[in-house]
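Below you'll find the structure, written out as structure tokens, and then a few comments.
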There are 2 protein chains.
Amino acid sequence: MAKKEVKAIDSSTEERIKLAAHKLFAQKGYAGTKTRDIASEAGINLALLNYYFRSKEKLFELIMREHIQQFFQGMFQVLNDENTSIQQKIETLVGRYVDTLMLQPDIPIFVLSELRNSPMNLADNIQKNMQIKNSYFMKQIKEGIANGTIDNIHPVQLMSNLISLTVFPFIANPILKTIHGIDQEQFNTFMLERKKLIPLWIAEIIKPKTTFNK
Amino acid sequence: MAKKEVKAIDSSTEERIKLAAHKLFAQKGYAGTKTRDIASEAGINLALLNYYFRSKEKLFELIMREHIQQFFQGMFQVLNDENTSIQQKIETLVGRYVDTLMLQPDIPIFVLSELRNSPMNLADNIQKNMQIKNSYFMKQIKEGIANGTIDNIHPVQLMSNLISLTVFPFIANPILKTIHGIDQEQFNTFMLERKKLIPLWIAEIIKPKTTFNK
DNA sequence: GCAAACTTTAATCACTTGTTTAAATCTTTT
DNA sequence: AAAAGATTTAAACAAGTGATTAAAGTTTGC
């Protein structure tokens with residue numbers, strides 16, 4: 001009689017554990033998160049964690065893969081849209097990341113700091129989700145360079161600039177706020193302004209330079 | 001007397017522990033580093049850690065402060081040099097950070113990820129070491145904007161761009177290498193190229209825009 | 001309604017981890 | 001050389017931690 005479906009999926013025990021783990025792992029990292037904290041945060045008995053996910057590590061890997069997928073999946077679509085210009089793609093990417101990260105600012109530093117030591121091979125996972133090298137965006141860049149529409153720049157450098165300018169301020173948030181003496185609200189305003197500015201800056205960077213002397 | 005000084009400072013037990021802790025904390029974070037690992041890495045008995053530093057946390061705070069100091073101290077000098085141009089300061093800063101981080105690539109993500117949760121107030125520490133807001137560099141920027149020598153840009157945005165473009169690739173190193181299928185050597189070449197390019201990009205960003213249509 | 005399967009609980013195990021203690025060894029002072 | 005102090009060691013403690021177990025509760029299919 002489908003009594004299971006009465007429970008909303010989001011409030012099922014399994015999902016509650018995942019949500020709690022998601023939150024704590026992102027906040028405190030793998031080693032800093034204790035299974036009892038997850039259980040307590042999810043409002044469940046400790047043994048259930050192992051019942052549903054076998055082990056802390058299995059649960060972690062699951063959540064980690066979801067993070068990486070979520071973090072990268074949007075990019076793939078945007079970069080391979082054959083109906084948008086380079087500039088439009090840049091605006092969309094920056095806009096999406098800023099919006100997402102304003103809601104979940106802990107994700108980048110969590111993923112990147114765990115990725116450093118994690119024995120599990122996430123390379124495969126990323127590789128599958130991201131074929132940036134062969135994306136339509138990269139093709140557009142190369143064409144632009146050939147045409148002289150945009151300045152000669154290595155596509156990897158361009159992508160790095162895009163992501164650096166967008167993501168790094170979230171990672172450096174505590175230092176930024178301290179150094180410049182601003183609060184969280186001012187930081188958000190700051191990032192919303194960057195959402196508009198970064199595409200303009202990138203445009204300047206890739207604009208072809210007419211090299212005549214003075 | 002002064003028989004203590006016979007031992008080279010670098011090989012004293014206390015220094016060996018600090019060095020080992022430095023390495024492991026940067027690599028695995030606070031929670032991920034075990035006191036026994038530090039002892040083993042330093043080649044000492046476990047109890048010595050507590051004998052010299054009272055506790056794991058005390059040792060951590062000490063090392064953390066040193067990292068932050070090292071990380072920021074150079075910036076202060078560069079930004080307040082009254083004999084260099086804006087462009088020269090940018091070149092020096094980028095150059096120094098790239099060189100430093102190529103040798104110690106783990107530091108930024110370690111410091112930033114620990115800074116997030118750390119109960120200790122590092123704000124004071126940073127505040128003292130960094131008075132960026134009132135630096136000579138900031139004065140130069142504001143003058144440049146007033147003169148029309150450089151484009152109207154919020155100095156905080158400019159600083160963020162500088163640090164983002166320089167530091168973030170080191171943080172995202174594992175993803176960068178995976179996505180673009182390059183190895184550590186190619187990554188270093190990539191960063192050396194950025195060392196030259198970032199100042200040029202910044203120059204483009206702050207160059208005054210003559211807004212006539214087409 | 002009832003047996004089988006699924007879900008949840010409390011208690012416990014085995015191991016890890018930060019810290020301490022008391023004794024041993026080395027160094028310095030007298 | 002002996003006393004005093006500094007350094008180092010092995011052993012152990014107490015709390016924390018990931019995982020398991022066996023039993024109780026709940027739902028599902030017939």
Side-chain angles (χ1 to χ4, degrees), chain A residues 1-64 110 114 117-120, chain B residues 1-64 110 114 117-120:
Chain A
M1 284 144 199
K3 284 159 200 167
K4 270 277 190 58
E5 281 75 356
V6 172
K7 287 184 184 176
I9 295 175
D10 292 357
S11 69
S12 76
T13 302
E14 192 175 347
E15 201 61 26
R16 286 228 311 287
I17 298 174
K18 258 171 69 177
L19 232 67
H22 180 104
K23 176 180 166 185
L24 293 182
F25 279 140
Q27 228 168 71
K28 303 164 178 256
Y30 177 77
T33 302
K34 311 303 171 190
T35 51
R36 281 167 179 81
D37 297 342
I38 298 176
S40 149
E41 171 81 24
I44 54 132
N45 185 287
L46 174 60
L48 280 183
L49 190 151
N50 293 306
Y51 174 72
Y52 280 109
F53 302 98
R54 302 257 319 153
S55 73
K56 178 190 177 187
E57 200 178 339
K58 288 272 200 314
L59 174 57
F60 174 76
E61 288 191 15
L62 184 76
I63 287 175
M64 190 70 170
F110 161 63
E114 297 295 345
N117 305 316
S118 188
M120 74 176 176
Chain B
M1 297 120 206
K3 284 155 200 168
K4 274 269 190 59
E5 282 75 353
V6 172
K7 283 186 187 176
I9 295 174
D10 292 359
S11 69
S12 76
T13 303
E14 192 174 347
E15 201 60 26
R16 285 227 313 286
I17 298 174
K18 258 171 69 176
L19 231 69
H22 180 103
K23 176 180 168 184
L24 293 182
F25 279 139
Q27 225 168 72
K28 302 166 179 259
Y30 178 76
T33 302
K34 312 305 173 188
T35 52
R36 280 166 179 80
D37 297 342
I38 298 177
S40 149
E41 172 80 25
I44 52 130
N45 184 284
L46 173 59
L48 281 183
L49 190 153
N50 294 66
Y51 174 72
Y52 280 109
F53 300 97
R54 302 247 331 145
S55 72
K56 178 190 178 187
E57 202 178 338
K58 288 274 199 310
L59 174 57
F60 173 76
E61 289 191 16
L62 183 77
I63 287 174
M64 190 70 169
F110 162 63
E114 297 295 345
N117 306 317
S118 188
M120 73 175 177

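Naming convention: chains lettered A, B, ... in sequence-line order (proteins, then strands); numbering from 1 in each chain.
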Please name all residues satisfying side chain to side chain donor-acceptor pair (under 3.5 Å) with B:Lys18, sequence neighbours left out, ordered by chain then number.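 With neighbours one apart ignored, the set is B:Glu66.
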Grab the two heavy atoms, one from [X] and one from [Y], that are nearest each other, plus how far apart they are.
X	Y	answer
B:Leu46	B:Ala39	CA-CB, 3.8 Å
A:Ile38	A:Ala20	O-CB, 3.7 Å
A:Leu49	A:Ile44	N-CD1, 4.2 Å

Output the residues of residues 48-56 of chain B in contact with DNA chain D, where contact means a heavy atom of the residue under 4.0 Å from an atom of the strand; sort by number or write none.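 Per residue number, the list reads B:Leu48, B:Tyr51, B:Tyr52.
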For DNA chain D, find the residues of residues 26-46 of chain B with a heavy-atom distance under 4.0 Å and give them by number; none if there aren't any.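 Of all residues in residues 26-46 of chain B, the ones placing a heavy atom under 4.0 Å from DNA chain D are B:Arg36, B:Asn45.
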With sequence neighbours left out, which residue pairs that include part of residues 43-55 of chain A fulfil the salt bridge (charged side-chain N to carboxylate O under 4.0 Å, His left out) condition?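 Every candidate salt bridge (charged side-chain N to carboxylate O under 4.0 Å, His left out) pair involving residues 43-55 of chain A fails, so no pair, neighbours aside, qualifies.
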When rounded to the nearest 0.5 angstrom, what distance separates NE2 in B:His22 from CD in B:Glu15?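 The CD atom of B:Glu15 is 10.5 Å from NE2 of B:His22, to the nearest 0.5 Å.
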Can you run down the side-chain hydrogen bond (donor to acceptor under 3.5 Å, both in side chains) pairs that involve residues 25-53 of chain B, sequence neighbours left out, and say none if there aren't any?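 Applying side-chain hydrogen bond (donor to acceptor under 3.5 Å, both in side chains) to every pair that reaches into residues 25-53 of chain B, excluding sequence neighbours, yields B:Lys23-B:Glu41.
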Which word best sums up how the rings of A:Phe25 and A:Phe110 line up, parallel for under 30°, tilted for 30 to 60°, or perpendicular for over 60°?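 The arrangement is parallel - the two ring planes meet at less than 30°.
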What is the distance, to the nearest angstrom, from the [atom1] atom on [X] to the [atom2] atom on [N]?
X	N	atom1	atom2	value
A:Glu15	C:dT7	CD	P	14 Å
B:Leu59	C:dT17	CG	P	17 Å
B:Glu57	C:dT17	CD	P	17 Å
B:Phe60	C:dT19	CZ	C1'	19 Å

Counting only side-chain nitrogens and oxygens, does B:Thr13 get under 4.0 Å of the OP1 or OP2 atom of D:dT7?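 No, no such contact exists.
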